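Structure, as structure tokens:
Quick note: numbers below take in every heavy atom, side chains included, and nothing from hydrogens, waters or symmetry partners. Just so you know, these numbers come straight off a predicted model, no measurement behind them.
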Amino acid sequence: MFALVDVNNMYVSCERVFRPSLNARPVVVLSNNDGACIARSNEAKELGVRMAQPWFEVRHLERTAGLIALSANFELYGDMSARMMALAAEFAPRQEIYSIDECFLDFDGVPGDLAAIGRALRSKVLQWTGLPTSVGFAPTKTLAKLANHVAKTAERKPGSYPRALAQVCNFGELTAPQLEAVMRATEVGAVWGIGRKTTARLNEGGITTVLDLLRADASALRRQFSVVIEKTVRELRGTACMSVDDAPDANQQIMCSRSFGAPVTDLPTLIEVASQFTTQVARKLRDQRSVAGAVQVFIATSPYRQNDRQHAPSATLPLPRPSADTRVLIAAAVRALRSIHRPGFNYVKAGVMLVDLQPEGQPDATPDLFGFDPPTDAPQRSAEKLMTALDALNQRFGRDAVTVASAARHGGPSAHASRQERRSPRYTTRLDEIATARA
DNA sequence: TCTGGGGTCCTAGGACCC
DNA sequence: TCTGGGGTCCTAGGACCC
């Protein structure tokens, strides 16, 4: 049996832990540029705020309905996530961390009442971190996701499902007719892997509920869609096609991209931004002990600014030899950027992606054909030492304590800097932002 | 005025190999 | 004049996830 543990409205719940006055109020958390809503409390959902909805579209609810908006505080959420994951891991032999707020647990071979274990897990996480979770148990991952959906929905919308399924839902203890009723009451779009487009096409074919999908002809669906949906149907029928992977591979690509607070046209500013983004991805690259074979850069104008001429180029620059050296990667990113930038366009977004990742320390399989002076190991090793020292300094003295000059922030916050006007303190990771209690 | 960011996997089609 | 068959690799684009 598998479990899926998931924090309810993760980002909002993290904020509420340190500001209980947010409880029972409509709250949203905004994306990096205070641009769109990326998390909503149940009360905000009730007001009709949609996922990823632009903030300016719902801003009026601040006055009319008491909606509260906060800037995203990813440092806080990441730290809260780590605490929650560590607690959840104690309850099963294997854990797969699936996203910042979700993990799968594999209970294979664990005796006892799983629903009781689920409730114990839930209350421990709640007591130790303050985060409310939902837990779903089932024989496959897809069903466990569905059971979790039922647990959450039964809690949030009374009457949608039997009350007994709220918070912790174990499909394993339902009778066949009970399970069938649940499948009939659930829209097909709630299934993991069935997105917007597929839902629309399935609906056209008369498949609207999970029960419809479960009973459909899997091989016909495979022909019409792809092998992915066939696997989903098999999982819904109880055949496990996926296992809990507690040692996921390193990322195959690492990206940093962001919209600006204001449009940018000039190359020097874009170079500064690209250098900063590259600094971020390079550190992540070294964290996972990989090297990158190529650097990809893109810039884009805004499709929403209809009077602007549009330009959204990208370029990929292969490196002579794979590297994790921030200086090398920035040089490549800047060259790629220079090759695509055109003056006169209002760019509102940029991104840097590291691709062709490989584990570090592998023998150089393809030495540079044109490397007339092939680098010996000595400069290579000194570059690695430099990066190690850089990471250690920034770990100890704070991000960007030491950085490559082109990535240095000149003066105060610039116009293109991302807006974060409503960010809460990073209570758990910065000593000077720690929560204070008053008598 | 203001419209998220970071990932994965699958498929189709073209280039290329012998 | 007639012009194969089986395979790999790469890329772009699309769909999905949270």
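Closest non-hydrogen pair, A/S290 versus A/A250, comes out as OG-CB, 4.3 Å.
The nearest whole Å value for the distance from the OH atom in A/Y77 to the P atom in C/dC18 is 19 Å. Whole-Å rounding puts the A/R196 CZ to C/dC18 P distance at 14 Å. Atom CD of A/E102 is separated from atom P of C/dC17 by 11 Å (rounded to the nearest Å). Rounded to whole angstrom, the span from the NZ atom of A/K141 across to the C1' atom of C/dC16 amounts to 15 Å.
Within the 4.0 angstrom heavy-atom criterion, only backbone atoms of the sugar-phosphate kind lie near A/I194; the bases stay farther away. Within the nucleic acid shown, A/V355 has no heavy atom closer than 4.0 Å to any nucleic acid atom. At the heavy-atom level, A/R59 lies nowhere under 4.0 Å from the strands shown.
Within the 3.5 Å criterion, the main-chain N or O of A/R94 finds no donor-acceptor partner in the side chain of A/E96. Using a distance-only test at 3.5 Å, with no hydrogens or angles considered, no donor-acceptor pair links the side chain of A/S71 to the main chain of A/D34. A donor-acceptor distance shorter than 3.5 angstrom exists from the side chain of A/E235 to the backbone of A/C241, with no hydrogens or angles considered.
Ring pair A/H149/A/Y161 is perpendicular by interplanar angle, where above 60° counts as perpendicular and below 30° as parallel. Note on ring orientation: taking the six-membered ring where Trp is involved, the planes of A/F104 and A/W192 are tilted (angle from 30° to 60°). Using a 30° and 60° split on the angle between ring planes, A/F74 and A/Y77 fall in the perpendicular class, above 60°.
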**Message:** Does the protein touch nucleotides 3-15 of chain B at the base, only the backbone, or not at all? Give it as B, S and - per nucleotide, heavy atoms under 4.0 Å.
**Reply:** BBSSSBSSS----
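Residue-environment remark: CZ (A/R201) exceeds the threshold of 12 foreign heavy atoms within 6.0 Å. Annotation for A/R338: atom CZ does not count as buried by contact number, only 12 or fewer foreign heavy atoms lying within 6.0 Å.
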**Asked** Dot-bracket, DNA chain C: Watson-Crick or G-U, under 3.5 angstrom, [ ] crossing, | other strand?
**Response** ....||||||||||||||
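When the C1' atom is compared between C/dG4 and B/dC16, the two are found 15 Å apart, to the nearest whole Å.
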